[in-house]
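For this chain, numbers begin at 1 and follow the sequence in order. From a predicted model like this one, the values you see are computed outputs, not experimental measurements.
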Amino acid sequence: MSFDAPPAPAIVEITVAAPPTSAAFQTAFTPSAPSPTHGVVQRWSKSDPAQAYYLYVPPGVGGNAPVLVVVHGVSRNAEEQVRRFRRLARQYGVVLVAPRFPTDRFADYQRLGLTGQGERSDQALQAILTEVRHQTGITGRLYLFGYSGGGQFVHRYAMAHPEQVAAVAIGAAGWYTFPNPQVRFPCGLKISRRTGTRFRPERFLRIPMAVFVGEHDVRRGKDRPELRQTGRVDAQQGLTRLERGDRWIDAMRAAARDRGLDTPYRYEILPHAAHSFAASMKRGGLGARVFDFLFGPPPT
């Protein structure tokens with residue numbers, strides 16, 4: 001499958017509002033019966049009118065319905081992700097939220113903006129989630145899925161904000177932050193205090209995580225610019241997404257075990273799929289595998 005180039009954005013720059021504190025983020029609202037959306041709807045944040053996101057609220061869900069955030073790769077296919085997950089979300093009673101991070105503002109959204117390139121994508125997501133919870137009255141636990149660049153975002157978000165996240169599913173991330181405090185971020189956890197972020201392995205290593213990669217997702221070279229290909233990353237993580245995901249899960253499992261934790265970690269290879277979200281869903285069974293890991297067997 002060929003890589004989809006990101007579309008040219010046409011969005012003016014507006015500063016993202018400061019995120020709520022963790023306590024405010026987790027405040028339980030008093031819900032009435034949440035109103036389902038009429039299919040997948042696109043919304044713009046009231047606190048940041050240039051920030052778009054997609055929302056799907058299945059019919060019949062209660063106020064404690066789980067919320068699954070799905071995060072795009074560099075092709076910014078947020079709407080496609082929601083639409084492809086919609087059937088499963090309805091079956092399981094899961095609310096879907098998909099932020100769309102515009103290129104001109106979030107050039108480094110995969111690393112939460114912690115490298116100083118662009119705005120803080122983790123803070124933008126927190127503002128969206130607070131708004132969704134206020135508008136819908138849904139207070140359920142937060143789950144994360146991301147594909148490719150989105151896979152980078154979601155595991156780093158969970159590391160930075162472990163108190164907010166119940167479980168994480170990663171689809172074919174190009175590279176990872178390893179649980180090594182001696183290695184500088186984004187390859188490891190050593191990070192400047194100026195970011196205002198601190199990684200606490202004793203907390204994020206309690207979060208169940210899974211990696212899913214297509215069996216043919218092995219291409220490198222100039223035609224795969226979204227795959228980080230440097231000597232440092234290759235030596236630490238491997239040459240392909242298959243190898244990198246496997247090494248990272250092993251490292252997370254070992255770090256958890258060293259702290260006496262028996263956290264569930266899973267690594268699965270998707271049949272008949274290369275680096276394509278659509279092919280992974282159609283031929284690799286990605287959707288069913290993600291929902292099974294995050295929420296268990298389908299409800300009867």
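- Here CZ of Arg203 is found 13.0 Å from CZ of Arg259. Values are rounded to the nearest 0.5 Å.
- At a threshold of 4.5 Å between non-hydrogen side-chain atoms, the residues Gln110 and Val74 count as touching.
- Here the straight-line distance linking atom OG of Ser121 with atom CD of Gln126 works out to 10.0 Å at 0.5 Å rounding.
- Linking ILVMFWY residues whenever their side-chain heavy atoms come closer than 4.5 Å, directly or via other members, leaves Val233 and Ile170 in distinct clusters.
- Side-chain contact annotation: Asn77 with Glu80, donor-acceptor N/O pair under 3.5 Å present.
- More than 12 heavy atoms of other residues, nucleotides or ligands shown are found within 6.0 angstrom of CZ on Arg220.
- Ring centroid separation for the pair Tyr109 and His72 comes in under the 6.0 Å cut-off.
- When the shell of 6.0 Å around CZ of Arg247 is examined, it contains more than 12 heavy atoms from other residues, nucleotides or ligands.
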*Let me see the working for Gln152 and Trp175 under side-chain hydrogen bond (donor to acceptor under 3.5 Å, both in side chains), right down to the final yes or no.*
CA-CA 7 Å; Gln152 292 188 49; Trp175 57 304; 3.3 Å; yes

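- A donor-acceptor pair under 3.5 Å is absent between the side-chain atoms of Arg133 and the main chain of Ile128, judged by distance alone.
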*Evaluate the salt bridge (Lys or Arg N to Asp or Glu O under 4.0 Å) criterion for residues Arg224 and Glu226: first the C-alpha distance (whole Å), next the side-chain angles of each, then the deciding distance (0.1 Å), finally the verdict.*
CA-CA 5 Å; Arg224 307 304 312 190; Glu226 80 288 0; 2.8 Å; yes

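- No side-chain N or O of Gln236 forms a donor-acceptor pair with one of Arg244 less than 3.5 Å apart.
- Proximity of Arg100 to Gln42: side-chain heavy atoms (C-beta onward) are nowhere separated by under 4.5 Å.
- Residues Leu114 and Ile191 have side chains in contact (heavy-atom distance under 4.5 Å, counting atoms from C-beta outward).
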*Show your working on side chain to side chain contact (heavy atoms under 4.5 Å, CB included) between Val211 and Arg266 and close with a plain yes or no.*
CA-CA 6 Å; Val211 170; Arg266 185 184 299 180; over 6 Å; no

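- Within 6.0 Å of atom CZ in Arg184, 12 or fewer heavy atoms from other residues, nucleotides or ligands are found, so the atom counts as exposed in its surroundings.
- Between the CD atom in Glu119 and the CD atom in Gln51 there is a gap of 8.5 Å [rounded to 0.5 Å].
- Going from atom CD1 of Ile269 over to atom CG of Asp217 covers 11.0 Å, rounded to the nearest 0.5 Å.
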*Let me see the working for Val67 and Ile138 under side chain to side chain contact (heavy atoms under 4.5 Å, CB included), right down to the final yes or no.*
CA-CA 8 Å; Val67 176; Ile138 292 171; 3.9 Å; yes

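- Counting only N and O atoms by type, the side chains of Gln237 and Trp248 include no donor and acceptor under 3.5 Å apart.
- A donor atom on one side chain and an acceptor atom on the other are found under 3.5 Å apart for Thr115 and Asp108.
- Other residues, nucleotides and ligands contribute more than 12 heavy atoms inside 6.0 Å of the CZ atom of Arg200.
- Taking each heavy atom of Thr195 and Ser192 in turn, the nearest pair found is OG1-O, 2.9 Å.
- There is a side-chain donor-acceptor pair under 3.5 Å between Thr177 and Arg156.
- Taking the side chain as every heavy atom from C-beta outward, Ile207 and Thr263 never approach each other to under 4.5 Å.
- Judged by distance alone, the side chain of Arg76 and the main-chain N or O of Phe101 form a donor-acceptor pair under 3.5 Å.
- Annotation: the span from Leu261 atom CG to Glu202 atom CD amounts to 9.5 Å, rounded to 0.5 Å.
- Through chains of ILVMFWY side-chain contacts below 4.5 Å, Tyr147 is grouped with Val40, Tyr54, Tyr56, Leu68, Val70, Val82, Phe85, Leu88, Tyr92, Val94, Leu96, Tyr143, Phe145, Phe212, Leu270, Phe277, Met281, Leu286, Val290, Phe291, Phe293, Leu294, Phe295.
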_Leu125/Val69 under side chain to side chain contact (heavy atoms under 4.5 Å, CB included): CA gap, chis, key distance, verdict_ = CA-CA 9 Å; Leu125 175 60; Val69 171; 4.0 Å; yes

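- At least one donor-acceptor pair closer than 3.5 Å links the side chain of Gln229 to the backbone N or O of Gly221.
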*Test Asp292 against Arg289 for salt bridge (Lys or Arg N to Asp or Glu O under 4.0 Å), laying out the working first.*
CA-CA 5 Å; Asp292 177 75; Arg289 293 169 187 260; over 6 Å; no

_Set out, in order, the CA-CA distance, both residues' side-chain angles and the distance that settles side chain to side chain contact (heavy atoms under 4.5 Å, CB included) for His275 and His216, then state yes or no._
CA-CA 7 Å; His275 193 63; His216 303 302; over 6 Å; no

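- Atom CD1 of residue Ile249 and atom CE of residue Met209 lie 8.5 Å apart, to the nearest 0.5 angstrom.
- In this structure, a donor-acceptor pair under 3.5 Å is absent between the side chains of Thr230 and Arg232.
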